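Notes follow the structure.
Proteins get letters first, then strands, A, B, ... in listed order; numbering begins at 1 in each. For clarity, every value in this text was computed on a predicted model and none was experimentally measured.
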Amino acid sequence: MSRFIRYIASGEWRDWVANGATLTPAPLEGGGSSIVVVVDFPDESYVPTSIPAVRGRNRRLLERRRLEREFPGSPLRTLMRLERRGAEGGGDAVMICAGGGTELAETLSDLGARHALRGVYTLALLAGMWARRAGCSTRRVLITMPTPAGVRLMYLDRGQPTLSRLTGPLGGGTSAEIARTVQYLHNTERAERGVALELWFWGVPDHEVSQYLPGDSEVRLGTSPTVAGLPDPRSGGFDALLQIAAHPSPGPQCAPPTMRAGWLARRLQRFVAVSAAAVVLLVILVVAALHWRTSMMLDEAQTFRRERERVQQSIAEWESALLERGFSRLEVQMLPDAAEHLQGGALDLDEALAVVGNAFGADADVEVSKLELQAGDPLTDVTGGLGSGVAPTDAGASPPPEGIASIETGCFGESAAHAAMQVDFGLRAGIGVRRREAALSFVGEAATQQRGWRTDSALRRLATLETLTVTGQGDDSADAARWRVCLRQGAAS
Amino acid sequence: MSGALAAVLGSVYRGRLLRSLLLSILALAIGAAVVVGMRWQYGLAQRERDAEAAALQLAQQAAQDLEALRTTLPERQARVRMLRSQGFTVAATRVDWAERVAGVVSALRPLGYAVDVGAETARALPASLHGWFDARGMAAPDFLTTDLSLQVQGLHERELLGVVAAAKTAGSGLVRLENCQIERRADGLGLDAKCRLRRYALLVSERSSRSPVA
């Protein structure tokens, strides 16, 4: 899009189109162009002020109130800070009004409605921008420059314009205007008396400058520096400042946001478009990354699947070979284990009767009256075989009949893992206390020494549990005594 | 910024700006939808990968089990043949069992006897054997059990041992003596015995014999 510059002065306006560093006169037609307006009116005002240390929204409100109070009814105004005082944040500033009255404001509003109005600048503002970019921001200098509306005198204080006067055309009265301006600066203490003020002549050939200098020594003719990459106002004058205005970001300007709505809208649109493009780019990157990761996942899944199928194929082949030999895998896997599991807690009647014979029947005085045997439950999950030492619970065990002394209760329990047997025995009648004691001692020792079977250790004292009675009629009163003993498969205690 | 935005929204450029905003939001929404869709697809792929990894692990575990089985295969095959010949894999023939035991007992001419064969019952495998099937997602078979109750009066100890041994053999399959009460007769004519034997069989069904990884 072409960038236009419109110069507006009293009773005239001119248009240029900017193409890089060159300006070409071209009429602004139609709408939608990007334009910069440079105004050149005699009622341009620069009012020094000082700003207290406020920040943010409060500062903006303060500046707006000051400008409204100083330049009521004129929308083309701005405030520029000169320097900050210490760490407090406040400082000197200058309030600027571009002038031109309400007619100019209406003209610019209409222009802003049809085109993207980037800003409204005064020549003094443009001169200050040039000075700051040229590195002359520490100087105090009075610039004299012819413009289409006359000769403009601009005073730059530390790179900021604090005074701008539009005088008559370049001629004999120019030196007097310069002297008057210098006097004004002295009177308002903006320039130091007794020190020659530096004076730049822009847009006037060097050999012609001397005729426009005031006669006194209050001014000292200087030359503005030539800076690479910047237009040279010393030779270019007014045109050079227009080129500054054509720069993409020329600097502070005077138009309110309502006049610049078109340009602001364009900037916002661009911001939205760039943001959206950045997000879209991010989305594309994320999508690409996800796609890549997804592909990797699927490849991994494919690899796992192939490997699984290979393993399953080999297993199936092995099982087929096994089936051909007449066996199923389940049979080979389970039947031997299941049969072995059923051996747990098995009851061998031969062995059990041998134990009874050794522990009880070996003594002729011992009479076994009853034997009850119970195998371990193979369907419980108590592992281990002999010697696990798990005693059956007393659940379900019937108490011994009356007259039978039980060494240990609860021989058989539910879900016991090991075989157990319960032996009821008595002693022969009429054998006497000595033989009775010997028989019980034998049982107590023998029963606890049976390999693979264990019993209560109290059985060893079986002989001491009987009351010895000797009477005149014979010592056979205990003939009717009966005992019940429990043995379980496990290590001898 | 807020002043600039207010100026734009109050100007003729409002429509243009809102249009570009809407288009950007639409583009963002489409982009977000695409990202969500891709994320969902990624989740699916991840789940598929994890499922295949788990299945592979299962198959590898089965292969390891197989490898462990191979080392003892000859012994196991021999054991299976023996168990089959013993009848461990077939259901009981209850009548034959009862008649054979009764025949053995009656030949000893006891004072009295009774042989009862109970109903066939299914019992679950213990957890240590059940777990093998559960880990492979297979239906575990049940033990089929049949109880034989033997009551005999007036036998000697050696005769009783012979009857119990004969009852175990006559049952085929795997028969255990579960409990026995032996009491000396008060009249001195031998022993009275009440014994219970249980026959176990493990029937491998068609369903549970299929390989879990097929």
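In this structure, the side chain of B/R176 engages the main chain of A/L342 through a donor-acceptor pair within 3.5 Å. A donor-acceptor pair under 3.5 Å links the side-chain atoms of B/R184 to the main chain of A/V368, judged by distance alone. Side-chain atoms of B/R49 do not come within 3.5 Å of backbone N or O of A/A301 as any donor-acceptor pair.
The parts of B/L21 that come within reach of chain A are both its backbone and its side chain, each placing non-hydrogen atoms under 4.5 angstrom from that chain. B/V35 touches chain A through backbone and side chain together, each having a heavy atom under 4.5 Å away. Within the 4.5 angstrom heavy-atom criterion, no atom of B/R185 approaches chain A. For B/A51, no part lies near chain A; criterion is any non-hydrogen pair under 4.5 Å. When heavy atoms are compared at a cutoff of 4.5 Å, B/Y42 approaches chain A by way of both its backbone and its side chain. B/L202 touches chain A through backbone and side chain together, each having a heavy atom under 4.5 Å away. Heavy atoms closer than 4.5 Å to chain B are found nowhere in A/Q313, neither backbone nor side chain. Residue A/V287 touches chain B through both its backbone and its side chain, counting heavy-atom pairs closer than 4.5 Å. Interface residue B/L83: only side-chain heavy atoms are found under 4.5 Å from chain A. Looking at A/R325, only its side chain comes within 4.5 Å of chain B, counting heavy atoms on both sides. For B/I25, no part lies under 4.5 angstrom from a heavy atom of chain A. Residue contact with chain A, scored on non-hydrogen atoms closer than 4.5 Å, involves the side chain of B/T89 exclusively. Neither the backbone nor the side chain of B/R198 comes within contact range of chain A; no heavy atom of the residue lies under 4.5 Å from a heavy atom of that chain.
Chosen from A/H291, A/E300, A/R260, A/R267, the residue pairing most often with chain B at heavy-atom distances under 4.5 Å is A/E300. Chosen from A/D350, A/D348, A/I284, A/T303, the residue pairing most often with chain B at heavy-atom distances under 4.5 Å is A/D350. In terms of heavy-atom pairs under 4.5 angstrom with chain B, the leader among A/E367, A/M421, A/R293, A/M296 is A/R293. Listed options A/P256, A/A419, A/S295, A/A338 were ranked by heavy-atom pairs under 4.5 angstrom with chain B; first place goes to A/A338. Contact count against chain B (heavy-atom pairs under 4.5 Å) is highest for A/A339 among A/A339, A/A346, A/A113. Ranked by heavy-atom pairs shorter than 4.5 Å toward chain B, the options A/T258, A/V286, A/D337 are led by A/D337.
Using a 4.5 Å heavy-atom threshold, the side chains of B/L69 and A/Q333 count as touching. Contact annotation: the side chain of A/L290 approaches that of B/R39 to within less than 4.5 Å [non-hydrogen atoms, C-beta and beyond]. B/R81 has its side chain within reach of A/F327: a pair of non-hydrogen atoms, C-beta onward, lies under 4.5 Å apart.
Taking a 6.0 Å sphere around CD of A/E309, one finds it holds more than 12 heavy atoms contributed by other residues, nucleotides or ligands. Within a 6.0 Å radius of NZ in B/K194, other residues, nucleotides and ligands contribute 12 heavy atoms or fewer.
Contact detail for B/I182 and A/L349: the closest heavy-atom pair is CD1-CD1, 4.2 Å. Residues A/R308 and B/A55 come closest through the heavy atom pair CD-CB, 3.3 Å.
Checked for salt-bridge contact, A/R306 and B/E52 miss the test: no charged N lies under 4.0 Å from a carboxylate O. Electrostatic pairing of B/D65 and A/R329 does not count as a salt bridge here, judged by no charged N lying under 4.0 Å from a carboxylate O.
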Would you check, one step at a time, whether the test side-chain contact (heavy atoms from CB on, under 4.5 Å) holds for B/R70 with A/W318?
CA-CA 10 Å; B/R70 274 194 181 128; A/W318 182 84; 3.1 Å; yes
